[in-house]
Amino acid sequence: MALFSKNYPPEIAARIPPGQRLVKTWPVLHYGPIPTFDGTNWDLELAGLVENPVTLSYQELRALPNADVPADMHCVTGWTTLDNSWHGVSFRTLLELVKPTPEAKWVIAHCEYGYTSNLSLEAMSDEDVLVAWANGGQDLEPEHGWPLRLVVPKRYAWKSAKWLTGLEFVDENKRGFWEVRGYHIHAEPFGEERYSYQEGARAELEP
Ligand SMILES: Nc1nc2c(c(=O)[nH]1)N[C@H]1C(S)=C(S)[C@@H](COP(=O)(O)O)O[C@H]1N2
Ligand SMILES: [Mo]
């Protein structure tokens, strides 16, 4: 409808998934309170079906090879931001460290206050997936996930779990916080995979 259409140049329009609108500011969106972080009492636990489970202190995590990842962001409520620049550690670097066993097919992100999200290991293994502590050259604000968040650019942003405390490798699909509330396990914005009823019968089993 003309009322809602914006005349973006084609190269911009091509980056806005169906049903999404571009916003200029960076909205804050989450369920529940914002945790505080004072630099102590924090670690990242990498566990489950891996050869080498590790618990990383904040210093240990940041000492791993760092990565810069440009990415767009799409929230299932309808907003999209373009050209974010994330800084952190590539998920692939964490994979090399822990070495998932062949049985590992899914990854559960665990966060402060019990928020979880799940994704297939295949989706997580994309080269642009990272755990990040900075955006646009600045440390993340607490409301955007400080001290660490997951970033999965090619999936709706509820998969980009803020206040990350652990990544668990499992052999079956265990739905996360929004996934049990009717949202999609794969959540690809360009396929408009918003809701679980769109998943199809095999989705519970097939990564
Ligand atoms: N721990 C946690 N992470 C979360 C959420 C949440 O409720 N808790 N909400 C998700 C949703 S729905 C979105 S759209 C993004 C928003 O990230 P932002 O607030 O940095 O824009 O965070 C995601 N990560
Ligand atoms: Mo969202």
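Whatever order the structure lists ligands and atoms in, that order sets their numbers, starting from 1. This is a predicted model, so every value here is computed, not measured.
Residues lining ligand 1 at a heavy-atom distance below 4.0 Å are given as Trp26, Pro27, Val28, Leu29, His30, Tyr31, Met73, Cys75, Trp79, Cys111, Tyr115, His144, Arg149, Ala157, Trp158, Ser160, Ala161, Lys162, Trp163, ordered by chain and residue number.
Classification of the Phe169-Phe91 ring pair by plane angle, with boundaries at 30° and 60°, yields parallel. Ring-plane geometry between Trp133 and Tyr58 is classed as perpendicular, the angle between the planes exceeding 60 degrees on a 0 to 90 degree scale with a lower cut at 30.
Judged as a side chain to side chain contact (heavy atoms under 4.5 Å, CB included), and not counting sequence neighbours, the contacts of Tyr113 are Pro33, Pro35.
Salt bridge present: Lys159 and Glu179 bring a charged side-chain N and a carboxylate O closer than 4.0 Å. For the pair Lys105 and Asp171, the salt-bridge criterion is not met [side-chain N within less than 4.0 Å of a carboxylate O].
With ring centers used as reference points, Trp158 lies under 6.0 Å from Tyr183.
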